Amino acid sequence: MTLKIYNTLTRKKEDFQTLEDEKVRMYVCGPTVYNKAHIGHAMSAMVFDIIRRYLEFRGYSVLHAMNFTDVDDKIIHRANELGVDPFELAEGYIHEFEDDLEALNVLQPTIKPRATQEIHTIIAMIEDLVKAGFAYPLNGDVYFRVRKDADYGRLSGRNLDDMRSGARIEVDNRKEDPLDFALWKSAKPGEPFWDSPWGPGRPGWHIECSAMNLHHLGEQIDIHGGGNDLIFPHHENEIAQTESLTGKPFARYWVHNGMLQLGGEKMSKSIGNLVSIEEFLSHHTSDTFRIMLLNSSYRGPLTYNEETVAQAERGLERLHSALRPALPEAAGAAEPTLTALQTQMEAAEAGFIKAMDDDFNSAGALAQLFELVRSINQARAAGASNGDLQPAQTLLRKLSGVLGLCLEEKTSQSGGGADPFIQLLIELRQELRKEKLYPLSDLVRNRLAELGVILEDSKDGVSWRWQ
RNA sequence: GGCGACGUGGCCAAGUGGGAAGGCAAGGGUCUGCAAAACCCUGAUCACGGGUUCAAAUCCCGUCGUCGCCUCCA
């Protein structure tokens, strides 16, 4: 079995072949930190977290870089609005985003470079591009000369002449071509700056990623990721800069996640239809969000609304249902039941890998987990003991973990301290039921439910769990 | 206007040539004092119109529609 990945560059699924055996270099574009991160950012980070976890599951060691753009126009404007230092502003949002990712159970990237920490590399790269004729200084700015790059437009499937006619950009007549983009921007009064051969200024947006890649991962990488709104111009420009300099293919696989849709539109800072990560997590768990992602293709748009969240929440509960213990007084299941469970375990694991190997088809993989859930619940209903269920439950936990799901047990805030008292109330209620004092037994059940303890009667006894 | 993606049951969605996954919701049933959970059962002429093929949700052409990019964006 080979892993296949959809490559934006070729618009095809391709066999995954790394530059170096069993090692993956992956660079994912992170956010520009001028504001609170929203769940669209969470989606992108989580998609690549899932990809990383799966690659690791498949035996690769993954060098995972995610950058922060911590100096740019928006940050400067926002800092001026608030009357604070732009670097402090950025720093604050970086920490906030890191906390968000931890709360979302997204693995820490191996390296987290920042634009402001790569200024030397950036300047050196720009100098080399100027020397090689791919860039030209202009009144303290430096621009990339797109006409010099014969391949320009390859990633986004455009050509310079088409864009020229359709572009809505305000043309800067000083530039040789309207599509030439800034590598270095001269500083206006009051703006943060670094000294450079072209005067005080700061890096353009695209060059930082090229420089960070070159510095931390090398001239060539395996996977370059980000949201599909970055394909043009950002990633197109990264390719232009890096390949013009190295003469080698930059990234082997360009991987792009789809956009989160809220109210039929892409969630974005400029439209203002935002749900912050913090806001989402104050009402829902990270697993709920992850289920939403897993249930659809990472490349397509993701519909976000109250109903899809609720559906994910119920689906998650179903996964949890399989992890519940055997029925009280279960005597062990008959041979055919256990054989069926064993068969399903093998089918689920194989199906899981087959699905994920096909361009990270997480919806297909999730379906396999649900099949396993059904088998486990069937076995439990057929009287399987905890020992009977345990291997299948372990497999379910393992495969869920590969997708980054926690499936953590819900417990009371105070730990297990309440357990004996809950047991006592259950015993009491059972006595009331024996006496057919149902209004009283229901009162116990209802009051416990209000406290978050769910009682479930069965013919073999009573089980309970935290809601 | 240019480039790209997509349109599958009430909802979210897999599936890209030969049996239409899975989840949620709904209805029926088993269990049960009731409830809940779990389990069983029930459902789709795959946007529309042509074409290729023994065979099309899947390939080709056209139409309609949705979304993204073309300006900062995950």
Side-chain angles (χ1 to χ4, degrees), chain A residues 8 11 13 28-32 34 37-48 66 69 72-74 77 153 156-159 161-170 179 205 225-234 236 256-261 264-271 291-292 294-297 299-305 307-319 321-322 324 327 351 355 358 361-371 373-374 376-382 433 436-439 441-442 445-446 449 454-459 463 465:
Chain A
T8 306
R11 313 215 176 261
K13 284 182 195 171
V28 181
C29 285
T32 302
Y34 70 95
H38 59 72
I39 53 178
H41 300 114
M43 175 184 178
S44 190
M46 197 178 270
V47 160
F48 288 96
M66 185 188 73
T69 299
D72 97 316
D73 293 353
K74 297 220 161 191
H77 290 154
S156 52
R158 323 163 183 241
N159 68 66
D161 298 309
D162 283 351
M163 282 189 286
R164 216 175 198 181
S165 50
R168 285 180 286 165
I169 357 169
E170 218 175 287
L179 269 292
W205 176 35
N228 68 13
D229 54 349
L230 297 181
I231 295 172
F232 189 89
H234 186 54
E236 193 71 71
H256 293 99
N257 64 276
M259 294 292 106
L260 195 91
Q261 303 285 127
E265 275 184 304
K266 168 184 159 187
M267 180 175 290
S268 89
K269 290 172 187 170
S270 41
I271 299 172
I291 290 279
M292 290 181 66
L294 292 169
N295 187 44
S296 70
S297 160
R299 284 195 279 131
L302 178 66
T303 311
Y304 180 90
N305 56 47
E307 194 183 354
T308 55
V309 176
Q311 288 178 3
E313 228 147 42
R314 296 284 297 119
L316 183 61
E317 279 178 41
R318 183 164 171 76
L319 286 183
S321 75
R324 292 180 197 156
L327 296 175
D358 182 13
N361 179 356
S362 57
L366 196 56
Q368 294 299 322
L369 297 192
F370 281 116
E371 297 282 7
V373 166
R374 170 175 290 112
I376 292 171
N377 287 339
Q378 277 170 340
R380 184 193 299 102
R433 291 179 71 205
K436 299 202 190 299
L437 295 169
Y438 293 123
S441 71
D442 287 352
R445 185 173 62 197
N446 292 339
I454 305 297
L455 300 193
E456 285 170 0
D457 300 334
S458 75
K459 61 179 188 298
S463 53
R465 61 190 164 87

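Just so it is clear, the structure is predicted and the values come from calculations on it, not from any experiment. Lettering of chains follows the sequences in order, A, B, ..., and the numbering in each one begins at 1.
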Could you run down the sub-3.5 Å N/O contacts of the protein with nucleotides 66-68 of chain B?
from  : atom 1 : to       : atom 2 : distance (Å)
B/G68 : OP1    : A/Lys266 : N      : 3.2

Under 3.5 Å, is there an N or O donor on one side and an acceptor on the other linking the side chain of [X] and the base of [N]?
| X | N | value |
| --- | --- | --- |
| A/Asn159 | B/C3 | no |
| A/Arg299 | B/C6 | no |
| A/Gln311 | B/G23 | yes |
| A/Asn361 | B/G15 | no |
| A/Arg445 | B/A35 | yes |

Short side-chain N/O contact from [X] to OP1 or OP2 of [N], under 4.0 Å:
| X | N | value |
| --- | --- | --- |
| A/Arg380 | B/A38 | no |
| A/Arg465 | B/A37 | no |
| A/Ser458 | B/A38 | no |
| A/Asn295 | B/C12 | no |
| A/Gln378 | B/C40 | yes |

Under 4.0 angstrom, heavy atoms only, what part of the nucleic acid is [X] near: base, sugar-phosphate, or nothing?
| X | answer |
| --- | --- |
| A/Leu260 | base |
| A/Leu230 | sugar-phosphate |
| A/His38 | base |
| A/Gly30 | sugar-phosphate |
| A/Gly300 | nothing |
| A/Ser463 | nothing |
| A/Leu455 | base |
| A/Glu371 | sugar-phosphate |
| A/Asp442 | base |

Query - Chi angles and distances behind the side chain to side chain donor-acceptor pair (under 3.5 Å) call for A/Ser297, A/Arg299 - result: CA-CA 5 Å; A/Ser297 160; A/Arg299 284 195 279 131; 4.9 Å; no

Please measure how far the [atom1] atom in [N] lies from the corresponding atom in [M], and state the result in whole Å.
| N | M | atom1 | result |
| --- | --- | --- | --- |
| B/A47 | B/C6 | P | 13 Å |
| B/U45 | B/G9 | C1' | 12 Å |
| B/G22 | B/C64 | C1' | 30 Å |
| B/G27 | B/C60 | C1' | 42 Å |
| B/U58 | B/G68 | P | 26 Å |
| B/G10 | B/A44 | P | 10 Å |
| B/G2 | B/U71 | C1' | 16 Å |
| B/A57 | B/U8 | C1' | 7 Å |

Report task. Return the stacking result for B/G33 and A/Tyr438: yes when the ring centres lie under 5.5 Å apart and the planes under 30°, no otherwise. Result -> yes

Take atom [atom1] of [X] and atom [atom2] of [N], then tell me their distance rounded to the nearest Å.
| X | N | atom1 | atom2 | answer |
| --- | --- | --- | --- | --- |
| A/Phe232 | B/C69 | CZ | P | 13 Å |
| A/Arg324 | B/A37 | CZ | P | 9 Å |
| A/Glu317 | B/A38 | CD | C1' | 13 Å |
| A/Asn377 | B/C31 | CG | C1' | 15 Å |

Quick check for you: among [options], whose closest atom lies nearest to any side-chain atom of [X]?
| X | options | result |
| --- | --- | --- |
| A/Thr32 | B/A74, B/C72, B/G22 | B/A74 |
| A/Arg374 | B/A74, B/C40, B/G4 | B/C40 |
| A/Glu307 | B/A38, B/A74, B/C11 | B/C11 |
| A/Ala363 | B/A14, B/A74, B/G23 | B/A14 |
| A/Met267 | B/C34, B/A14, B/A74 | B/A74 |

Query - Residue pair A/Asp457 / A/Arg433, side-chain heavy-atom distance below 4.5 Å - result: yes

**Report entry** Stems involving RNA chain B, each a run of at least 3 consecutive Watson-Crick or G-U pairs under 3.5 Å
**Finding:** B:1-7 with B:64-70, B:10-12 with B:22-24, B:26-30 with B:38-42, B:47-51 with B:59-63

Any donor-acceptor pair under 3.5 Å from [X] side chain to [Y] backbone:
| X | Y | answer |
| --- | --- | --- |
| A/Arg380 | A/Arg324 | yes |
| A/Ser156 | A/Phe232 | no |
| A/Glu236 | A/Gly153 | yes |

Query - Check: A/Asn377/A/Arg374 side-chain N/O donor and acceptor closer than 3.5 Å - result: no

